[in-house]
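Computed from a prediction, not measured in an experiment: that's the story for all the values here. Each ligand, and each atom within it, is numbered from 1 in the order the structure gives. Start at 1 with the first residue, then count along the sequence.
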Amino acid sequence: MNKNPQLNKHGELQHLLTTEGLPSPILLNILDTAESFVGVTERDIKKVPLLRGKSIFNLFFEPSTRTQTTFEIAAKRLSADVVNLNIAASSQSKGETLLDTVDNLSAMHADMFIVRHSQSGAAHLIARHVRPEIHVINAGDGRHAHPTQALLDMFTIRHYKRDFNNLRVAIVGDILHSRVARSQIHALTTLGVPEIRVIAPKTLLPNKVERLGVHVYHDMEQGLKDIDVLLMLRLQNERMLGASLPSSEEYFKYYGLTQEKLSLAKQDAIVLHPGPMNRGIEIDSAVADGKQSVILPQVTFGIAVRMAVMSILTGN
Ligand code: CP
């Protein structure tokens, strides 16, 4: 029996819910397919007919700038019809349940749901519920997973560093509340990164995080030494219950990425951030806009990566 709910009985991707447990050939196939779509996104006419006639529903129950917009652009470049459900103006506000909403949209012949929700497991719930011909992509669920963010991060790392097998990668900041960090750790591990460090104060680390195979540092000076790739994280105040930190000034002093702290990493280290950024809290503007930052290329690559995921799910 196939235990991974995102794979079909042939071991192919049916839904994309998490990077955890996804075999390396599937991750690499997504990255390689995205590579072929980068060319499409750079053409004058940025469209291919792969998803013509398909209906894709963006269900964003939490705010988003990058993920929702790049999914919409990606779907349109694949020639799909895209519906962005306005959640605030939808019948959710009258008490309709999540699954009733999904059933009604399925009755409108939905082919794919892209779901962001504050509750961990929301996308899994929908994936278990829908008919087998409908695909579900998790666009971020609670603290749990954000698989397409991790995949576009992997694409960006491979673009600049070519190979995963000789890298030291540091994930810096609010690991405890981060779905991005969890998805990154699983993807980096599967793709063969030999050393993954997490750098954070104790209050922003999950219990027993070492079990994920990462090395724990509480100090930027030690943690950034010889690092090739820095994955910065946002302080996720909206998921913090009570005070996890003395103050944002104190946080910036010890964990905010400045040019001075960045100079402790390798000279050619690259800096990623999933956005939205808190400038002056987890990252200084001089670094965010500096020559080692690949934060905006991440966003651009996100279109090709999301095109790849949608085309693979639909077998095109
Ligand atoms: N990285 C990310 O998920 O950004 P958005 O919240 O803007 O989609």
Using distance alone, with no hydrogens and no angle criterion, decide if Glu72 and Asn58 have a side-chain donor and acceptor under 3.5 Å apart. no

Name the closest protein heavy atom to atom 6 (O) of ligand 1, giving the residue it belongs to and the distance to 0.1 Å. Arg116 NH1, 2.8 Å

Students should be able to answer this: which protein heavy-atom is nearest to atom 4 (O) of ligand 1, and at what distance? Arg66 NE, 3.1 Å

In ligand 1, the atoms that come under 4.0 Å of a heavy atom of Gly275 are 1 (N), 2 (C), 4 (O)

From the list Lys266, Arg168, Lys161, side chain to side chain donor-acceptor pair (under 3.5 Å) with Asp228 holds only for Lys266

Atoms of ligand 1 under 4.0 Å from any heavy atom of Thr65, numbered from 1 in the order shown, are 5 (P), 7 (O), 8 (O)

Indicate whether the side chain of His129 and that of Asp103 have a donor and an acceptor atom separated by less than 3.5 Å. yes

Could you verify whether a donor N or O on one side chain and an acceptor N or O on the other, from Arg116 and His146, lie under 3.5 Å apart? yes

Go through Gln298 and Asp153 one step at a time and tell me if the side-chain contact (heavy atoms from CB on, under 4.5 Å) criterion holds. CA-CA 7 Å; Gln298 278 178 272; Asp153 296 338; 2.7 Å; yes

Looking only at N/O atoms, are Thr67 and ligand 1 under 3.5 Å apart anywhere? yes

Take Arg158 and Asp32 through the salt bridge (Lys or Arg N to Asp or Glu O under 4.0 Å) test and state the conclusion after the steps. CA-CA 10 Å; Arg158 193 173 75 164; Asp32 294 343; 2.9 Å; yes

What atoms in ligand 1 come closer than 4.0 Å to a heavy atom of Gln149? 1 (N), 2 (C)

Of the protein's non-hydrogen atoms, which lies at the shortest distance from atom 1 (N) of ligand 1, and what is that distance? Pro274 O, 2.8 Å

Quick one: pull up NZ in Lys261 and CG in Leu230 and give me the separation to the nearest 0.5 Å. 11.5 Å

Among the heavy atoms of Gly140, does any lie under 4.0 Å from an atom of ligand 1? no

Has Glu62 got any heavy atom lying under 4.0 angstrom from an atom of ligand 1? no

